[in-house]
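Everything below concerns the one structure shown next.
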Amino acid sequence: MVRKLLSRALWLVLLTAIGCSATLPVSLEAQLLVAWSFVAALFLISSLKTHRTGRILGISFAAFVTIRYIIWRTTNTLPAPDDLVNFVPGMILYVAEIFSFMMFLLSTFVISNPLNRKSIPIDVTDPDLPSVDIVIPTYDEEANLLLITLTAAVSLDYPKSKFKVYLLDDGGTAQKCNQADALKADAARRRAEKLKELCAATGAIYLTRERNEHAKAGNINASLSKIGGDLIAILDADHVPSSDFLLKTVGFFVKDPGIALVQTPHFFLNPDPVEYNLRTFPRMPSENELFYRNIQPGLDRWNAAFFCGSAALLRRTALEEVGGISGTSITEDCETAMDLHAQGYRSAYLDEPLIAGLQPESFVSFIGQRSRWAQGMIQILLLKNVLWRRGLTVAQRLCYLSNSLYWFFVFIRPIFVLGPLCYLFFGLQIVRTNVPEFFAYILPHIVASVMLPNILNGKVRWPFISELYEYVLSLHLSRAVLSVLWNPRAPQFKVTAKGETMTSNRASPLAGPFVWMVLILSAGMVAAVWRFIVLPDSREIIGIVAFWNGISLLLALAGLGAVYEQRQIRRFPRIGLQVPAVLKLDGISFPAQVLNGSANGLNIELPIPARSHLSESMIVTLLAPTQDEEIEKPITLRVRRMSVSGGTFSIGCEFNPVSQTEAAHAVHLVYGNSRIWAKRWQGRVPAERSALRSFAFLTGLALTRGLPAAWNICKGAVTRRGAAKESSETVPAQ
């Protein structure tokens, strides 16, 4: 308690000091000295970022520099209102900066002191352990994908009498099976029968409903009257749980009756389309890592960690008290968490990867998923009254406000990217400043804005990477956000496609705006050169604006590389395992190393002498450990490929299980060991990068991925135009 009071006192003293000193008028020379002194202090305390004191000081120093900048921008730089040509774009840029400053304050509050929980052990022999219903909603996912998730779910390490697995099939409803289109109705019936057989084979229970109402939320709510567990675990169709998923999460509910939700991270096996097309996986932190490794623990500190739709457990009585899964918005997960928090329930976030999922493979699906998130969060803001919602604490309201307002970056990011063109194309003075003021106010603010996220986010987000993702998303999400602002109740839930493949490299159908942005920003660089030549008295300002435009051009080129989709033929990603095992054939055993695996099979390394005993299509038995590394369990395989490279002999095998038990062993080997996920979760994050190294990384992406993408898109356009011209000039034979 004393430590908590001291911490709050430190915050109060620092905020008071910043608020008072940041508003004091000083000379330009003094501002230059003070601003860069605080930037230097930021650099010095960066080594303390793992300590709370270092984070507090870092936030304080950056806030001082930024507040000084905002005051200066407000009082000294705005164009005169009677000069509308400069005033209108100047105010647009100013409002964008004020919004960014507000989001800086909100997001900093959220992640200022993250809470890092540990799992709470349970006694599996305790007869009073809560019963769990594991529900897996599905709509149109393939049976092969569902087989993996169902097999893992029914085999969890938890007393068998205490949990059941339900497949909630929204593709087999009476409405779908009896629809007017005979072909679609027949396909729905055949799929439903196949899934019933799948459930019977795995030991899961098949459930459906009469009508497809309220999408995923309605599907789960319809099942509540048919299931009876104390807790409800929700898994997406492509989210495969590790065998200790329940062992590590149920303890929170046992210990604390006020806990209504336990969320775990979504750990993805495959890169998102931006990472895949730019070839940055796993060299660069993934987009989702910032949320699951920094923001959710930060939200958890304020009892505001929210439900993410899957990889979570909810207390049934609490869920029923708020009327089930909420359905006002299309982000039913976050909305449900807010309803639970408003009723006084607590949530917990366990930062351990206990499920393995898939990200969208195509850029179209990626944008579709993010559009749903953006629209849903803004629906919550508009329809659920975040700021004045009764029952929420002030901290919770700020957290939900931050999560909702974040998505307005889709308007802010293009303003920052296109801002310098006002001067380069039209000579507009939308910011009234000079070179000395640039170095005294603007540059320290930019440097502090880059350094603080590096201090707070560490390895999970490099400088300039947030800007890249926001740029890539903003060109298409802006339309989705505008539509929900116009009609908050219009958006409909759409399932994100998974398991897509691409047989060749090609530009995404959504690449058009990215091409135009590169062309416009390139024209801006040409205009900068022209102005530099003909306006020698303004060269210093031209150089500064051209540098700003150059950074925007690098983002645009990297973004173009992100939407030039690379060939992708694997439906299920291969997962590095490095598991020791034993291979048996014809009474002979060989030591083996399972290098990697997927839903289809394994890649195994063997001693060279084993080569003479093997042939393609041969059936072999692998003895490999699953979650319990001391027990080896048999898995039947069929050899499909053999190769020798550099003195190493390896075979590619497909699973050929002789029983459901063996199938479960295979799924556990590839997906079920949370120790493997934890190792990858910790080892996945690359080393931290300074702002300069991150800028060099962005430049490399622009040159090595963006420029080739631009060339290929231009070449493809020329080829198509030539083919169209040739076709139009062809005269049919008489």
Side-chain angles (χ1 to χ4, degrees), residues 128-141 146 149-150 153-154 156 158-179 188-189 191-193 195-196 198-200 202-237 239 241 246 249-250 253 257 259-263 307 309-340 342-343 345 347 492-493 495:
D128 294 327
L129 275 180
S131 57
V132 184
D133 290 324
I134 302 170
V135 298
I136 304 170
T138 178
Y139 181 71
D140 58 2
E141 292 84 1
L146 291 167
T149 305
L150 286 172
V154 299
L156 292 179
Y158 199 72
K160 300 303 178 184
S161 62
K162 287 288 187 177
F163 79 97
K164 296 178 181 178
V165 178
Y166 295 88
L167 183 67
L168 310 183
D169 182 20
D170 240 12
T173 60
Q175 178 184 356
K176 296 282 288 185
C177 293
N178 298 309
Q179 60 188 300
R189 287 192 293 268
R191 181 180 181 276
E193 288 302 316
L195 294 188
K196 289 176 184 177
L198 186 63
C199 287
T202 57
I205 301 169
Y206 178 90
L207 291 179
T208 188
R209 54 179 174 152
E210 285 295 315
R211 300 186 60 79
N212 298 81
E213 296 176 333
H214 305 297
K216 180 180 176 181
N219 190 8
I220 296 173
N221 289 337
S223 73
L224 293 179
S225 62
K226 304 173 186 177
I227 62 180
D230 301 315
L231 307 176
I232 299 172
I234 299 177
L235 298 173
D236 280 347
H239 280 185
L246 295 181
T249 52
V250 169
F253 296 93
I259 290 279
L261 164 69
V262 174
Q263 179 67 56
F307 177 34
S310 179
L313 271 77
L314 296 100
R315 193 182 296 275
R316 181 191 178 92
T317 54
L319 189 60
E320 290 176 336
E321 185 178 333
V322 298
I325 302 294
S326 305
T328 303
S329 73
I330 57 175
T331 48
E332 77 294 329
D333 39 19
C334 182
E335 184 185 350
T336 300
M338 187 170 71
D339 290 344
L340 291 169
Q343 287 297 317
Y345 287 105
S347 62
Q492 301 293 316
F493 186 96
V495 177

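If you read the sequence from its start, that first residue is 1, and numbering goes on from there. Reckoned from all heavy atoms, side chains included, excluding hydrogens, waters and symmetry mates.
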Between K164 (side chain only) and I205 (backbone N and O only), is there a donor and an acceptor less than 3.5 Å apart? no
Taking salt bridge (Lys or Arg N to Asp or Glu O under 4.0 Å) as the cut-off, I'd like each qualifying pair that reaches into residues 311-326, sequence neighbours left out, listed once. R316-E320
For A237, what residues pass the side-chain contact (heavy atoms from CB on, under 4.5 Å) criterion, not counting sequence neighbours? E141, L146
Evaluate the side-chain proximity of V165 to L156: yes if any heavy-atom separation is below 4.5 Å, no if none is. no
With side chains defined as the heavy atoms from C-beta onward, is the minimum distance between I234 and I325 less than 4.5 Å? yes
From L313 CG over to F253 CZ, what is the distance, rounded to the nearest 0.5 angstrom? 5.0 Å
Looking at residues at least two apart in the chain, or sitting in another chain, which of them share a side-chain contact (heavy atoms from CB on, under 4.5 Å) with A312? L261, Q263, F307
Quick check against the 3.5 Å criterion: does D169 have a side-chain atom that pairs as donor or acceptor with the backbone of T208? no
Is it the case that the side chain of K216 and the backbone of E332 share a donor-acceptor pair, with hydrogens and angles ignored and the cut-off at 3.5 Å? no
Between V250 and P130, the two heavy atoms sitting closest are CG1-CG, 3.5 Å
With a 4.5 Å heavy-atom cut-off, do T336 and L319 have their side chains touching? yes
Once you round to the nearest 0.5 Å, how far does CD of E193 lie from CG of L198? 12.5 Å
Using side-chain heavy atoms (C-beta onward) and a distance below 4.5 Å, is V262 in contact with L231? no
Checking Y158 now: which residues fulfil side chain to side chain donor-acceptor pair (under 3.5 Å) with it, not counting sequence neighbours? none
Would the distance check show the side chain of Q175 and the main-chain N or O of N212 forming a donor-acceptor pair, the cut-off being under 3.5 Å? yes
Side chain to side chain donor-acceptor pair (under 3.5 Å) partners of N178, counting only residues at least two apart: none
Pairs satisfying salt bridge (Lys or Arg N to Asp or Glu O under 4.0 Å), at least one member in residues 203-215, at least two apart: D170-R209, R211-E213
Can you sort out the partners of T328 under side chain to side chain donor-acceptor pair (under 3.5 Å), two or more places apart, ordered by chain and number? E335
Residue pairs involving residues 222-235 (criterion salt bridge (Lys or Arg N to Asp or Glu O under 4.0 Å); sequence neighbours excluded): none
Check whether any side-chain heavy atom of L340 lies under 4.5 Å from a side-chain heavy atom of S347, and answer yes or no. no
Kindly write out the residues that satisfy salt bridge (Lys or Arg N to Asp or Glu O under 4.0 Å) with D339, not counting sequence neighbours, or none if the list is empty. K384, R389
Test side chain to side chain donor-acceptor pair (under 3.5 Å) applied to K176 - qualifying residues, sequence neighbours left out: Y139
